[in-house]
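Counting starts at 1 for both ligands and their atoms, following the listed order. Sequential numbering from 1 along the given sequence is applied to the chain's residues.
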Amino acid sequence: MNLSDRIKHQVDANFDELVATRRHLHSHPELSFEEFETTKFIADKLKSLGYDLQQITETGGYIDIRGENPDSKVIALRGDIDALPIHEKTDKEYASKNDGVMHACGHDVHTTCLLGAIQIIDTMKDEFEGTIRCIFQPGEERLPGGASIMIKNGVLKKPQVEKIMGQHVMPLIDVGKVGFRSGLYMASADEIYIKVIGKGGHGAHPHQNIDPVYIAAQIITQLQSVVSRHAKPSIPSVLSIGKVIANGATNIIPKEVSMEGTFRTYDEEWRNKAHKLIIKTCNETAQIHGAKCEVEVRKGYPFLKNDEDLTTQTINWAKEYLGEDNVEELELWPAGEDFAYYSQEIPASFYRLGIRNQNKFDQTMLHTPTFDIDEDALKIGAGLMAYLALRELNQ
Ligand code: NI
């Protein structure tokens with residue numbers, strides 16, 4: 001049997017266990033940086049396979065699977081483990097038992113698939129050269145991002161990790177398929193907070209007041225010029241203001257207006273330049289009209305770039321494993337993801353795992369209270385991850 005068939009065989013044999021693992025994690029979700037029970041569960045699973053989880057943050061760690069010549073080449077696989085502050089509204093028997101917390105972004109799936117891949121790779125240690133570091137990462141959903149903390153604590157060092165791969169569930173892709181994108185994939189995501197301070201008063205006497213509502217409207221319009229007139233057309237950028245609070249009345253001009261929004265793009269130099277432009281535009285627009293303005297741009301995750309050489313290879317290997325028709329090309333996805341931090345350090349490949357099955361249930365999007373997956377995806381997620389790692393070290 002070839003490698004691909006052997007892995008599929010194993011993953012079929014382990015399927016019930018994968019489902020049980022995923023359901024346990026799904027019903028016991030924990031918030032970012034509070035994944036104490038989750039980490040204990042992962043550590044116990046690894047222990048039963050003969051590995052000690054090396055904890056390098058309060059709730060995060062890794063193991064190394066060492067093949068022949070373990071120091072010759074080191075690659076990493078990453079699974080994130082945290083859940084979201086959402087109240088689950090599925091009626092599944094494995095629904096969340098932690099009120100107000102839910103695995104609504106599929107990180108239970110990522111953790112399960114990484115454990116499943118380890119189980120397979122462990123049986124093939126004499127068939128590859130090098131080391132596979134398997135990273136269980138906390139805090140993907142909350143700034144500053146578990147990835148940045150783990151990198152600071154040396155997760156890519158001793159020995160130096162050369163390449164990294166990670167996967168994320170995708171509700172727009174059918175189960176059985178996966179998606180890849182070479183080059184730029186996910187955006188940097190920064191938060192904008194604006195407060196326009198004018199002078200409130202009677203709506204009938206605007207000339208005696210400084211109307212922050214009118215000025216806020218000017219700012220919203222002016223800010224669009226940051227994207228439409230200053231961004232290079234070759235660098236995608238998005239600026240959205242999603243919250244505007246004025247709180248006056250039909251006949252009351254309020255004293256101040258607060259606004260919140262997001263700025264997303266794919267280039268670090270432009271990102272920093274845009275931040276300055278956003279602040280300048282807000283301040284100067286307020287100033288023209290005699291108002292004061294407080295602006296803060298809070299930095300989120302950087303953009304995620306999939307290494308072109310590595311991703312060309314992972315696409316080919318995924319086609320070997322799943323067949324040509326089951327590998328899709330992804331569009332740019334301007335959401336944020338802290339896997340981006342790894343991609344800024346070493347060649348990285350982040351791909352999407354299909355989970356949708358319209359014949360079985362109505363798929364809803366990530367971060368919704370009815371989010372669920374077709375569990376057949378666990379087979380693909382675990383098997384493909386093992387296959388990619390073994391192909392990378394066994395070319
Ligand atoms: Ni996620």
### Task
Verify the distance criterion only: is there a donor paired with an acceptor across the side chains of Lys8 and Asn2 at less than 3.5 Å?
no
### Query
Is there an N/O/S atom in His110 that lies less than 2.8 Å from the Ni ion (ligand 1)?
no
### Task
Nearest 10° is fine: what angle sits at the Ni ion (ligand 1) between NE2 from His168 and SG from Cys105?
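Seen from the Ni ion (ligand 1), NE2 and SG are separated by roughly 100°.
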### Message
Using 0.5 Å steps for rounding, measure from the CD atom of Glu127 to the CG atom of Leu390.
### Response
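Here the rounded value is 7.5 Å.
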### Query
Taking the N/O/S atoms of His107 one by one, which is nearest to the Ni ion (ligand 1)?
NE2
### Salt-bridge criterion met for Glu268 and Lys299 (N-O under 4.0 Å)
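The answer is yes: the pair qualifies as a salt bridge.
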### Message
Does the plane of the ring in Tyr351 sit parallel, tilted or perpendicular to the ring in Phe180? Use 30° and 60° as the thresholds.
### Response
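Tyr351 vs Phe180 ring planes: parallel.
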